[in-house]
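Worksheet: one structure, shown below.
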Amino acid sequence: MLLRQKISFYFEDIETLTGRIVNLIITGLVLLSSAIFVIGTYRIPENIRDKLNLIDSVILLIFAFEYLLRFWCAENKLKYLFSLYSAIDLIAILPFFAGWLDISFIRLFRLFRILRLFRFIETQKLPGNLSSKDSVILTKIIFTIFAIIFVYSGLIYQVEHPVNTESFNTFLDAFYFSVVTMTTVGFGDVTPTSEAGRLLTVMMIFTGIALIPKQVGDLIKQLVKDTNHIETICPTCSLSVHDADAKFCKNCGAKLENRLDNTPQNNTNSAISN
């Protein structure tokens, strides 16, 4: 296997030890970078703030290097460049490429690093107890809600803190506002005053409306589909889930000899005959 193929494989793989380590490191850096941003919204000693900024700069360099590696490994570079994950990665490292410019709003884009975690929430990539389709969909719903609230909380904090410090003093204030808004509770004790803050609030609501219902619909469909299945182990290929009226295995075609013994109807008939 060529070096380019090996690097591309380990970026997407979590089955091998190397693949797990690579992806765990990337996930850990995303979470650490997000935590640094949150901590930076509070009053902390300047020496600690400088150290956190240094760590954040190193993480940016690692993300930039990773992005270049992914671009180098891509077979169709043009397709990769315009893909969703590539756009998320590029937004996450924009502060590094534009660091020599005095553009304060570029700091907003670092909040999009949390969206990189969507890369690892795929059906074939979830280990352990999250291998079933309904668990995967539920995990995506929870993570989607968290990502929307987290990203927009950071964006709203960045635009509201300079002009509305009393209401948006820390990230937690913005997070509280986002949760209250997304859950339609609307206490009204914390509200944005700037046009940018109000626009971001509207965008947050529309983003939730656009993304969450579809995933909830997928979950409902999967749950309905699961109710029409029964657990019957195929004697040939050991497939354990089949349709309720299946007489033969849908995987290998073998006859399901013990299927009737596992159905509720058969158990009921046995009880009546006894």
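Note that the coordinates shown come from a computational prediction; the quantities given were computed from them, not determined experimentally. Quick note: numbers below take in every heavy atom, side chains included, and nothing from hydrogens, waters or symmetry partners.
- Scanning for ring-ring contact (aromatic ring centres under 6.0 Å, His included) contacts around Phe177 gives Phe168, with sequence neighbours left out.
- Remark: Tyr157 pairs with His161 by the ring-ring contact (aromatic ring centres under 6.0 Å, His included) rule, at least two apart or across chains.
- Side-chain contact check for Val190 versus Val180: every heavy-atom pair is 4.5 Å or farther apart.
- Annotation: cation-pi pair Arg70/Tyr80 absent, no NZ/CZ under 6.0 Å from the ring centroid and within 45° of its normal.
- The shortest non-hydrogen separation linking Ser153 to Phe175 is OG-CA, 3.3 Å.
- Note on Leu211 and Ile209: separate hydrophobic clusters, where clusters join Ile, Leu, Val, Met, Phe, Trp and Tyr whose side-chain heavy atoms are under 4.5 Å apart, directly or indirectly.
- Between Phe143 and Phe146, the ring planes lie tilted relative to each other; the angle falls in the 30° to 60° range.
- Not one N or O on the side chain of Glu160 forms a donor-acceptor pair closer than 3.5 Å with the backbone of Thr165.
- Nearest heavy atoms, Ile148 versus Gly208: CD1-CA, 3.9 Å.
- Between Phe71 and Lys77, the shortest heavy-atom contact is O-CE, 3.4 Å.
- Note on Val185: it does not cluster hydrophobically with Ile205, by side-chain heavy-atom contacts below 4.5 Å among ILVMFWY residues.
- At least one donor-acceptor pair closer than 3.5 Å links the side chain of Thr207 to the backbone N or O of Met203.
- There is no path of hydrophobic side-chain contacts, each under 4.5 Å, that joins Ile93 to Leu54.
- Atom-to-atom distance recorded for Phe9:CZ and Leu2:CG is 14.5 Å, nearest 0.5 angstrom.
- Connection of Val151 to Val202 is not established within any shared hydrophobic cluster, with ILVMFWY side chains joined at heavy-atom distances below 4.5 Å, either directly or through further cluster members.
- Remark: side-chain polar atoms of Thr27 are paired, donor with acceptor, to backbone N or O of Asn23 under 3.5 angstrom.
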Please tabulate, for side-chain N and O atoms in residues 36-47, each donor-acceptor pair with protein atoms closer than 3.5 Å (sequence neighbours left out).
from: Thr41; atom 1: OG1; to: Val38; atom 2: O; distance (Å): 2.6
from: Thr41; atom 1: OG1; to: Phe171; atom 2: N; distance (Å): 3.2

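- Distance CD1/Ile91 to OG/Ser86: 9.5 Å, rounded to 0.5 Å.
- The shortest non-hydrogen separation linking Tyr10 to Thr18 is CE2-CB, 3.7 Å.
- Residues Met204 and Phe206 are members of separate hydrophobic clusters, defined by side-chain heavy-atom contacts under 4.5 angstrom among Ile, Leu, Val, Met, Phe, Trp and Tyr.
- Under the 4.5 Å side-chain criterion, counting only non-hydrogen atoms from C-beta, Arg49 is in contact with Asn53.
- When every heavy atom of Phe11 is checked against every heavy atom of Val22, the shortest pair comes out as CD2-CG1, 4.0 Å.
- A heavy-atom distance below 4.5 Å is found between the side chains of Leu78 and Asn76.
- Note: Asn164 CG to Ser194 OG = 8.0 Å, rounded to the nearest 0.5 Å.
- Between Asp173 and Ser167, the closest heavy-atom pair is CB-O, 3.3 Å.
- Rounded to the nearest 0.5 Å, atoms CD1 (Ile21) and OG1 (Thr16) are 8.5 Å apart.
- Considering CG of Leu29 and CG of Leu60, their distance stands at 10.5 Å, rounded to 0.5 Å.
- Taking CD1 of Ile7 as the start and SG of Cys73 as the end, the distance is 4.5 Å to the nearest 0.5 Å.
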